[in-house]
K.L.:
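Supplied in structure tokens, the structure appears directly below.
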Amino acid sequence: MPVEYTEKSLLKYSQRIIELFKNPKNVGEMENPTVTVSEGDPQCGDMMQMSLKIEGNKILDAKFLSFGCAANIATGSAVTEMIKGKTLDEAEKLSIKEVSDSLGGLPALKMHCAVLAHKTLRKAIREYRQKIEELKT
Amino acid sequence: MPVEYTEKSLLKYSQRIIELFKNPKNVGEMENPTVTVSEGDPQCGDMMQMSLKIEGNKILDAKFLSFGCAANIATGSAVTEMIKGKTLDEAEKLSIKEVSDSLGGLPALKMHCAVLAHKTLRKAIREYRQKIEELKT
Amino acid sequence: MLEPRNMRVYLDNGTTTQVAKEVLEEMLPYFREKFGHPTFVYSLGQEAADAVERAQEIIAESINAKREEIIFTSGATEANDLAIRGMAYANKKRGNHIITTKVENPSVLRVCERLESEGFKVDYLDVDPQGFLDLNQLEDLINDKTILISIMHVNDEIGTIEPIEEVGKILQELRQRVYFHVNAAASYGRVPIDVERMNIDALSITAHKIHGPKGAGALYLRTNTPVEPVTCGYVSLFPLRPGTENVPAIVGFGKAAELAFDGFEKHVEHMKRLRDKLMNGIEEKIQHVVLHGPRGERRSPANVNYSFKYVEGESVLLHLDLNGISVATGSACSTRKLEPSHVLTAIGVKPEIAHGAIRFTLSRYNTSEEIDYVLEVLPKVIENLRRISPIKAGQF
Amino acid sequence: MLEPRNMRVYLDNGTTTQVAKEVLEEMLPYFREKFGHPTFVYSLGQEAADAVERAQEIIAESINAKREEIIFTSGATEANDLAIRGMAYANKKRGNHIITTKVENPSVLRVCERLESEGFKVDYLDVDPQGFLDLNQLEDLINDKTILISIMHVNDEIGTIEPIEEVGKILQELRQRVYFHVNAAASYGRVPIDVERMNIDALSITAHKIHGPKGAGALYLRTNTPVEPVTCGYVSLFPLRPGTENVPAIVGFGKAAELAFDGFEKHVEHMKRLRDKLMNGIEEKIQHVVLHGPRGERRSPANVNYSFKYVEGESVLLHLDLNGISVATGSACSTRKLEPSHVLTAIGVKPEIAHGAIRFTLSRYNTSEEIDYVLEVLPKVIENLRRISPIKAGQF
Ligand SMILES: Cc1ncc(COP(=O)(O)O)c(C=O)c1O
Ligand SMILES: Cc1ncc(COP(=O)(O)O)c(C=O)c1O
């Protein structure tokens with residue numbers, strides 16, 4: 001079992017992540033959301049619920065709930081903050097890297113948390129569009 | 001290569017050994033010795049020369065020279081001191097244990113030094129007796 | 001959420017401990033005054049060698065062993081590796097079967113896995129929901145190829161005190177010689193150990209879990225126990241453990257052991273009181289909690305471990321940290337492998353509950369006021385996190 | 001013979017050194033304030049992890065490496081074992097041939113012997129009477145099964161600086177990949193090291209020989225160098241070296257490196273001046289002496305080693321100790337095996353002369369006055385011992 005020596009990233013959070021973890025934005029339930037979805041699974045240790053208020057093509061408000069680690073909470077906060085006021089198309093283009101960068105970088109081992117917030121957002125947009133499609137037909 | 005765990009004795013000298021090492025007794029050359037012998041080998045790291053002055057059956061005086069470690073010097077001192085005034089028979093019966101005990105115990109790894117002083121003494125007595133035998137015949 | 005306060009409460013003594021003041025004082029002369037190398041014949045070296053011997057004596061006495069049966073290592077990880085692989089290799093002509101449990105520390109499990117990859121056969125005992133191994137299963141598994149049993153004394157995560165003495169008795173009554181290793185890293189200084197009474201052949205401990213320094217561990221090895229060194233190199237005092245001894249740390253280890261065993265029962269009583277206070281407080285003040293490990297006499301006096309349902313452990317841990325409280329978590333998120341604790345899994349805890357596990361580990365230096373503070377902060381942290389959790393009470 | 005004085009002169013810095021004041025100060029907060037475990041997510045743990053990173057950075061810079069290429073161990077013994085066995089095992093599919101020298105430290109020789117017992121083939125290079133290896137012999141021995149070369153940088157006994165850069169060049173020009181390990185325990189902080197220029201893949205160093213604490217060593221490992229761990233267990237920061245890191249000692253190692261490399265050239269000049277003063281003094285004042293190792297630029301600035309004929313080294317050592325002077329000896333009598341130094345034997349010194357070898361090893365903290373004192377005491381000690389020696393001048 002030869003091992004190639006590579007540095008293991010520490011589980012080290014940026015100051016920004018700790019800030020958002022302490023005081024997350026947009027956390028909570030939303031009254032009358034346009035769409036609410038959940039991603040992840042408590043069995044895997046992280047889960048996120050996201051609610052969007054959408055008018056026309058625009059995200060007016062976004063809120064989230066989190067069962068997860070600090071990275072999960074901070075990315076939930078960052079993602080919801082970044083998409084408020086954006087069009088659905090713009091929000092959809094938001095990359096994981098942008099989210100991570102806005103947090104001053106995520107520890108390598110925590111990238112999956114950024115991915116979860118991102119996946120939840122995409123799922124919300126997808127579900128919203130589906131609903132629209134269904135309403136149309 | 002299974003190793004049975006046994007404590008390794010440290011190379012630790014008693015206070016008595018250090019005392020005798022600092023101020024060895026009976027060290028030096030003897031004028032007109034009855035017998036002078038050497039034991040050991042500089043190649044092996046220790047060597048002792050011992051001279052005895054014997055009258056009748058009695059050891060009147062004993063001196064030694066040492067090329068060796070502290071244990072060597074201290075045992076040389078102890079052995080020569082212990083045999084002075086003794087008869088040859090008594091001196092011959094001196095055991096290694098008595099020598100070591102008189103020094104407050106030798107570190108296990110240094111026992112061979114006690115052995116050397118002891119061997120030198122025996123050799124001196126043997127040579128003296130041989131000389132006597134030769135004179136007789 | 002909560003405003004940080006000035007109180008600092010360290011409840012992660014199972015991970016590492018603060019070096020005691022007396023320990024540091026005892027160590028200090030060995031850095032700059034008595035800094036000699038313990039194999040050296042001159043006086044500085046003798047001083048160092050004497051200090052190592054004194055530490056051996058103190059530690060030997062604390063477990064009812066003989067001085068020469070104590071070998072110093074860099075920690076319990078190294079002691080476990082040396083004991084287990086060392087005895088396995090030295091006995092491999094007699095057999096290749098080893099028995100351990102599913103709830104050992106990684107420092108034992110990784111060694112066992114390595115031995116498996118080298119052709120040894122390792123059986124991992126199941127444990128019951130409180131973490132206790134099954135003595136009958138152990139007896140059933142022993143066969144004529146069995147050479148070694150390795151069992152932890154106290155489970156570092158959930159505080160279960162394994163029935164070491166009973167295991168020792170079983171091994172003593174066998175007709176074949178099966179060596180017995182005990183990893184006592186989590187029990188030393190908290191639960192009594194007697195290598196004679198318990199029939200232990202090898203026992204691992206570490207200084208940094210008893211208010212000693214990091215960098216010193218010890219392996220007790222019963223006289224005439226065959227062991228092969230697993231590392232090699234320049235031998236200083238211990239043929240089985242090459243390398244220059246960490247003299248100051250060893251001195252500190254000795255002092256730490258002295259402090260732990262001087263008034264041992266009083267210390268244990270103190271920890272038990274705090275433990276029970278914390279457990280009662282948690283159960284009174286917080287709903288939807290799950291205790292891990294047993295209650296009462298068969299639980300380590302130093303260990304408290306609960307899952308707080310519907311919240312994730314790392315978040316709890318970090319909020320407590322922001323409030324000056326240090327704890328550990330069984331949550332996957334704080335580990336490299338992103339898997340929940342193997343111990344919680346082995347005792348049958350569901351992953352969604354394991355992720356919310358928080359371990360509090362006490363030391364004799366903790367105080368009742370500290371527990372009060374924790375019982376003030378913790379319920380708020382849990383409440384706040386539950387408020388932002390998408391999982392509703394009763395969901396699992 | 002001589003009356004003990006109050007002066008204490010420590011000239012055994014090649015064995016171990018006094019921890020520098022600044023080093024101890026830097027370490028102190030890590031025992032009782034910043035005592036966290038470096039893998040822990042909470043703030044105490046982060047502090048510890050940051051401290052380890054800082055030490056990595058300082059040490060990396062001092063040898064022109066990258067931070068992540070530094071792994072901490074318990075000492076150079078462990079670093080040598082990990083490097084040599086680790087690289088041998090990881091490359092055994094490509095070949096089983098290793099080359100080293102006859103004059104390595106036991107911490108390398110014992111590892112090589114173990115590898116031989118496991119089926120590796122090890123060639124031990126001869127050295128010339130000054131201790132230098134022969135580059136031609138090295139080139140001749142390299143074959144298509146060769147996977148690893150391990151050469152010490154400075155010989156710890158006789159101060160020879162081996163031609164590491166030239167060895168690196170030879171290996172670089174080969175078409176096959178032969179890994180290059182250097183044991184730099186005796187050179188670090190005394191002779192410049194540049195792992196890039198010297199084409200080194202792995203390099204072992206230890207804190208306690210540069211006024212750092214015992215209990216911390218380091219292995220530099222070039223990125224992507226295949227290495228198998230030789231120990232196993234609980235992994236903290238370094239997958240190749242399981243076990244809780246000795247954080248205070250690592251911090252001290254970093255500080256010791258900083259001090260050694262801050263003003264490096266000045267320190268070296270100082271040691272050279274003392275070295276030359278001691279050598280000139282010995283040669284002027286004492287007859288029948290034999291220098292071991294080279295003179296001038298290719299000798300370590302910190303090493304002086306002479307045999308004093310017709311006297312035995314341990315007696316010299318102890319008399320010097322009684323006068324407050326600490327040195328080492330190549331005499332058999334002060335070792336476990338009761339054999340003269342393998343290094344002196346390899347350079348062709350006759351046993352009767354090797355038994356009288358005394359090694360003086362300097363540090364930047366030694367002073368000119370200390371050398372004066374040694375030059376006052378040493379001739380008397382030798383004279384007195386020669387007076388009670390049965391061997392007469394000229395006998396060998
Ligand atoms: C039960 C147990 N065994 C072994 C270890 C490893 O000990 P060390 O940190 O001394 O290597 C620990 C702690 O890390 C532990 O809790
Ligand atoms: C050249 C050399 N290599 C290795 C070592 C071993 O280092 P450590 O004492 O850190 O294990 C030493 C000193 O003991 C040495 O001088």
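A note on names: the letters A, B, ... follow the listed sequences, proteins ahead of strands, and every chain is numbered from 1.
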K.L.:
Any non-hydrogen side-chain atom of Ser326(C) less than 4.5 Å from a side-chain atom of His37(D)?
P.N.:
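In short, these two side chains do not touch, never coming nearer than 4.5 Å.
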K.L.:
Could you measure the distance from the OG1 atom of Thr244(C) to the NE2 atom of His208(D)? Nearest 0.5 Å is fine.
P.N.:
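These two atoms lie 3.5 Å from each other.
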K.L.:
Determine, step by step, whether Thr77(D) and Arg241(C) satisfy the side-chain hydrogen bond (donor to acceptor under 3.5 Å, both in side chains) criterion, reporting the C-alpha distance in whole Å, the side-chain angles of both residues, the deciding distance to 0.1 Å, and the verdict.
P.N.:
CA-CA 10 Å; Thr77(D) 295; Arg241(C) 202 284 178 177; over 6 Å; no
K.L.:
I need the residue from Glu78(C), Arg85(C), Glu33(C), Arg32(C) with the largest number of non-hydrogen atom pairs under 4.5 Å to chain D.
P.N.:
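Among Glu78(C), Arg85(C), Glu33(C), Arg32(C), the one with the most close pairs to chain D is Arg32(C).
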K.L.:
At a heavy-atom separation under 4.5 Å, does Lys34(D) approach chain C through its side chain, its backbone, both, or neither?
P.N.:
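Interface part for Lys34(D): neither.
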K.L.:
Given the options Leu320(C), Thr231(C), Asn105(C), which has more heavy-atom pairs under 4.5 Å with chain D than any of the others?
P.N.:
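Result: the option with the highest number of such pairs is Thr231(C).
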K.L.:
Between CG of Leu28(C) and CG of Leu28(D), what distance do you get to the nearest 0.5 Å?
P.N.:
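Interatomic distance, Leu28(C) CG to Leu28(D) CG, rounded to 0.5 Å: 6.0 Å.
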K.L.:
Do you know which of Ile250(D), Val247(D), Thr16(D), Thr73(D) has the most heavy-atom pairs with chain C at a distance under 4.5 angstrom?
P.N.:
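Top count of heavy-atom pairs under 4.5 Å with chain C: Thr16(D).
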K.L.:
Sort out for me which of Leu24(C), Val19(C), Thr15(C) touches chain D most, counting heavy-atom pairs under 4.5 Å.
P.N.:
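Among Leu24(C), Val19(C), Thr15(C), the one with the most close pairs to chain D is Val19(C).
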K.L.:
Considering only heavy atoms, which portion of Val23(D) lies under 4.5 Å from any heavy atom of chain C: side chain, backbone, both, or neither?
P.N.:
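Neither part, no heavy atoms under 4.5 Å.
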K.L.:
For the pair Lys214(D) (side chain) and Phe35(C) (backbone), establish whether a donor and an acceptor sit closer than 3.5 Å, ignoring hydrogens and angles.
P.N.:
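Looks like yes, one N/O pair under 3.5 Å.
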K.L.:
Sub-3.5 Å donor-acceptor pair from the side chain of Arg110(D) to the main-chain atoms of Tyr234(C), do we have one?
P.N.:
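Flag not set: sc Arg110(D) to bb Tyr234(C) has no pair under 3.5 Å.
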K.L.:
In this structure, which one of Leu115(C), Val230(C), Leu109(C), Asp81(C) forms a side chain to side chain contact (heavy atoms under 4.5 Å, CB included) with Cys232(D)?
P.N.:
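Output: one option passes, namely Asp81(C).
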K.L.:
Between Leu44(C) and Arg8(D), is there a side-chain heavy-atom distance shorter than 4.5 Å?
P.N.:
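Arg8(D) reaches Leu44(C) side chain to side chain.
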K.L.:
Does the side chain of Met27(D) reach to within under 4.5 Å of the side chain of Phe31(C), using non-hydrogen atoms?
P.N.:
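The answer is yes, as the side chains (C-beta and beyond) meet within the 4.5 Å cut-off.
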K.L.:
Pick one of side chain, backbone, both or neither for Tyr10(D), based on which atoms fall under 4.5 Å of a heavy atom in chain C.
P.N.:
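Interface part for Tyr10(D): side chain.
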K.L.:
Where on Val111(D) is there a heavy atom nearer than 4.5 Å to chain C: the side chain, the backbone, both, or neither?
P.N.:
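Its backbone and side chain both get close to chain C.
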K.L.:
So for Thr17(D), is it side chain, backbone, both, or neither that comes closer than 4.5 Å to the heavy atoms of chain C?
P.N.:
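Just its backbone gets close to chain C.
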K.L.:
Do you know which of Ala76(C), Gly36(C), Ser107(C) has the most heavy-atom pairs with chain D at a distance under 4.5 angstrom?
P.N.:
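Option with the greatest count: Ser107(C).
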K.L.:
Non-hydrogen atoms of chain C under 4.5 Å away: do they reach the side chain of Ala328(D), the backbone, both or neither?
P.N.:
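Both the backbone and the side chain of Ala328(D) come within 4.5 Å of chain C.
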K.L.:
Side chain, backbone, both or neither: which part of Asn80(D) has a non-hydrogen atom closer than 4.5 Å to chain C?
P.N.:
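Contact with chain C is absent: no heavy atom of Asn80(D) under 4.5 Å.
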K.L.:
Return yes if some donor-acceptor pair links the side-chain N/O of Asp321(C) with the main-chain N/O of Ser43(D) below 3.5 Å, else return no.
P.N.:
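Present.
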K.L.:
So for Glu245(D), is it side chain, backbone, both, or neither that comes closer than 4.5 Å to the heavy atoms of chain C?
P.N.:
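For Glu245(D), the backbone is the part near chain C, not the side chain.
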